[in-house]
Amino acid sequence: MVAGALLMVGIAIVLLFLLTQATNNRELYEQNYGRLFVLNTVVAGLLLLTIGFVAVRLVLRLRSGKFGSRLLVKLAAIFALVGFAPGLLIYVVSYQFVSRSIESWFDVKVEGALDAGLSLGRSTLDALANDLASKTRSAAVQLAESSDTPVPVALERLREQLAANDVILWSSSGQLIAAAGQSRFLLNPERPTAQQLRNVRAQRQLAVIEGLDEATLGTTSNARVKALAVLPTPTFGLLAESRVLQTTQSLPPTLVANALAVQEANREYQERALGRQGLRRMYIGTLTLSLFLAVFGAILLAIVLGNQLARPLLLLAAGVREVAAGDLSPKLALQGKDELGGLTRSFAQMTQQLADARDAVDKSMGQVSAARANLQTILDNLTAGVVVMDAKGLIQSTNPGATRILRVPLAAYEGQPLAAVEGIEAFGAGVQAQFDDYMNERRQHGLDHWQQSFELNAGPSGVPGVSQGNAITVVARGAELPGEARLLVFDDISEIVSAQRAQAWGEVARRLAHEIKNPLTPIQLSAERLEMKLTGKLGELEQALLKKSVATIVDQVDAMKRLVNEFRDYARLPAAELKPVDLNQLVADVLQLYTLEASESQGSAHVPVQMELDPACPKVLGDAQQLRQVIHNLLQNAQDATEGAAVREVTIRTQWTEASRRVRLVVQDSGAGFPENILKRAFEPYVTTKAKGTGLGLAVVKKIADEHSARVDLKNRVVDGVQQGAQVSLSFAVAA
């Protein structure tokens with residue numbers, strides 16, 4: 001604000017100086033007065049707007065009761081009055097002086113003197129012209145009488161007598177006959193006009209002043225007097241044609257200069273006499289504009305200087321209010337050497353000391369907040385779920401791990417009991433019961449925590465993106481926090497439980513294979529030996545019964561062997577040798593076997609398989625032999641699931657996903673799907689929906705997928721709310 005005001009005042013002073021310079025130089029005054037006046041008017045308007053803006057701010061500050069506003073208004077008024085009163089007095093005196101002095105410039109005596117001088121100059125020029133015309137007529141008579149003298153010689157003699165520059169003899173039609181002087185060197189001398197020839201024939205003589213209108217003051221003049229006279233006829237013997245004698249004489253330079261000076265002075269006097277009202281208005285306008293610029297500049301300077309005096313007090317007032325409001329930030333201090341500047345510096349120093357004391361307290365609080373923030377960061381990044389509840393079991397806060405494990409937005413249920421969260425009501429009730437028991441036992445036995453495992457669904461039925469029946473197992477741990485708050489920490493151990501079950505089944509499989517397989521061969525051999533020994537020694541009925549019984553024993557022994565072999569294969573599945581494998585080619589090779597089996601047998605298990613292979617699939621890292629077993633198990637299960645279905649359809653599909661850089665293998669069937677209790681534990685050994693199945697097919701698939709670091713997904717296919725079969729998908733990493 002101060003810089004802008006000073007800039008405007010500086011511009012106004014410069015423009016006022018230029019306007020003053022223009023009034024001292026008439027030509028510069030006339031050329032640039034309009035531009036300077038408009039520019040000064042614009043600056044005056046900007047100064048007025050600035051003053052208005054400052055005045056409005058002062059009024060608003062005064063109405064709002066800001067400290068120092070009244071002092072600032074008084075100082076501005078005093079400075080403005082000091083600058084305005086002398087300026088107004090000078091303006092009144094100058095106005096009267098300009099108004100009266102301009103009228104005194106235009107006097108009757110001056111105008112009469114100029115007219116007399118102009119008439120004198122014209123009379124002198126006319127006398128010179130008439131004298132030259134008379135002499136030229138006399139010379140024409142003399143030339144007509146000297147018929148025995150050559151014309152050029154006679155013309156040269158006349159030129160010397162008349163002291164003329166040029167003497168030319170023209171015919172009555174304007175044709176050059178002879179010339180003397182400078183014109184004789186010209187091929188085409190300037191001839192008289194037709195009007196001049198007619199006038200000289202009528203008047204017998206004529207005088208014309210030429211070049212005076214083109215002459216300017218202070219330059220070389222070509223003004224001259226041209227005289228024409230008709231020679232008496234007949235002349236030069238028998239010729240009867242009339243002749244015109246022309247003489248040209250230059251005007252004296254002094255006379256021409258004086259005449260031009262008088263003429264220019266008279267012209268300027270007449271112009272100014274006609275425009276004296278405009279000149280008066282221009283001078284008065286300049287004077288008024290100067291007053292405005294001076295007054296506006298004085299007012300602005302008054303406001304700026306008043307603001308400089310009030311600034312220390314305003315700084316102190318603002319600082320006191322900020323300190324009272326608790327703001328101890330560094331305060332502004334003036335560097336002046338006066339008492340007010342020293343007061344501001346002392347106040348700033350006191351405020352800094354208070355701020356340092358408070359910063360020490362804030363630093364301690366900041367360390368506490370940082371520790372709390374670190375703890376919150378740790379909680380947010382924990383894989384385990386953390387829930388804090390009050391003494392009534394209402395949720396106070398949770399971490400993202402809790403939402404991820406339970407797959408429900410716990411943050412939306414803050415202030416509600418954990419048992420009221422939709423989808424985990426049983427889990428919430430169990431936790432509440434554990435806390436109730438813990439609080440009772442804690443008083444008796446001094447326990448510091450409780451721990452319990454829970455099995456719950458990941459989400460309620462119908463929640464998008466959550467497979468119904470996808471159960472998880474969590475282990476929860478609870479403790480009491482200060483203030484009777486309760487801390488619940490839990491983690492998902494589904495993978496650990498699944499691995500433990502798989503390991504347990506592998507151990508069972510090894511023991512079964514060892515304990516069961518050894519007696520099977522003696523049983524089969526003993527039955528076959530009995531049949532061989534007793535054949536032909538029994539009656540017909542007994543023989544048939546024996547044969548049937550032995551066949552039953554052999555068949556059951558074979559079934560037991562197959563079961564034991566499957567358990568052995570599951571338990572002794574070798575480690576995968578991962579190599580680049582073309583999954584599309586592998587699927588096509590396996591499907592050729594199914595096509596051959598279908599052509600040889602039309603049993604119910606041989607359901608047509610549709611193949612949808614993505615040609616963009618790159619090679620994956622895998623064991624070709626184990627992947628063949630995976631594809632065979634999945635297709636066999638899918639065909640078995642479609643047995644008895646209205647639509648018997650199995651689809652195997654490969655798909656390349658550029659975003660995740662993985663290849664997906666999908667097998668779909670149109671059977672009845674998995675029951676909910678089976679869907680929870682479908683990958684566990686000996687879990688099956690088939691009457692004759694062992695339940696090891698999907699378990700083997702899961703084990704091979706784990707060897708390949710592949711993700712396995714199992715779900716029922718639902719289209720338009722109707723269940724239409726099951727789907728198993730595996731996601732493989734691509735080969736480098």
Side-chain angles (χ1 to χ4, degrees), residues 375-376 378-390 392-439 441-442 447-481 485-505 674 676-685 687 702 706 711-715:
L375 178 61
Q376 185 62 42
I378 293 172
L379 291 177
D380 291 342
N381 291 276
L382 280 178
T383 58
V386 179
V387 178
V388 178
M389 299 177 289
D390 60 8
K392 297 181 180 180
L394 303 181
I395 300 175
Q396 291 184 338
S397 63
T398 62
N399 74 328
T403 300
R404 178 184 57 81
I405 294 174
L406 299 179
R407 301 183 186 177
V408 289
L410 292 180
Y413 292 90
E414 290 186 2
Q416 301 182 26
L418 187 62
V421 179
E422 184 180 0
I424 59 171
E425 294 88 349
F427 174 69
V431 169
Q432 184 63 37
Q434 289 292 329
F435 268 113
D436 293 339
D437 295 339
Y438 164 72
M439 297 304 294
E441 295 181 1
R442 178 174 178 272
L447 300 178
D448 59 349
H449 72 277
W450 62 264
Q451 183 169 320
Q452 183 65 35
S453 61
F454 297 90
E455 185 172 347
L456 64 157
N457 293 334
S461 177
V463 176
V466 178
S467 300
Q468 183 178 357
N470 188 10
I472 60 174
T473 302
V474 298
V475 58
R477 183 186 180 99
E480 186 179 14
L481 295 175
R486 298 178 177 182
L487 175 64
L488 175 65
V489 181
F490 53 90
D491 204 348
D492 184 2
I493 60 171
S494 301
E495 295 291 338
I496 298 175
V497 172
S498 178
Q500 289 176 349
R501 288 175 179 171
Q503 184 178 4
W505 275 110
F674 290 94
E676 182 177 352
N677 61 333
I678 299 298
L679 189 62
K680 297 178 182 179
R681 305 172 61 184
F683 292 112
E684 294 182 7
V687 176
K702 180 66 167 65
D706 292 341
R711 186 176 64 250
V712 185
D713 294 323
L714 175 63
K715 66 179 181 179

Quick one: pull up CG in L418 and CZ in R486 and give me the separation to the nearest 0.5 Å.
11.5 Å

To the nearest 0.5 angstrom, please state how far the CG atom of L410 sits from the CD atom of Q416.
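CD of Q416 is found 11.0 Å from CG of L410.
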
Could you list the residues that satisfy side chain to side chain donor-acceptor pair (under 3.5 Å) with [X], not counting sequence neighbours?
X: R711; answer: none
X: Q451; answer: R477
X: D491; answer: none

Validation: residues 425-436 side-chain donor-acceptor distances under 3.5 Å, sequence neighbours left out:
unit_1 : atom_1 : unit_2 : atom_2 : d
E425   : OE1    : G423   : N      : 3.1
E425   : OE2    : G423   : N      : 3.1
Q432   : NE2    : D436   : OD1    : 3.2

Of all heavy-atom pairs between D492 and V474, which one has the smallest distance, and what is that distance?
CA-CG1, 4.2 Å

Shortest non-hydrogen contact from P409 toward T403:
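Taking every non-hydrogen atom into account, CA-CG2, 4.2 Å.
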
Test side-chain contact (heavy atoms from CB on, under 4.5 Å) applied to [X] - qualifying residues, sequence neighbours left out:
X: L394; answer: D390, K392, P417
X: A476; answer: W450, F454, L488, F490
X: V489; answer: A384, V386, L487

Hey, are the side chains of L406 and T398 touching, using non-hydrogen atoms and a 4.5 Å cut-off?
no

Applying salt bridge (charged side-chain N to carboxylate O under 4.0 Å, His left out), can you list everything that pairs with R404, at least two apart in sequence or on another chain?
none

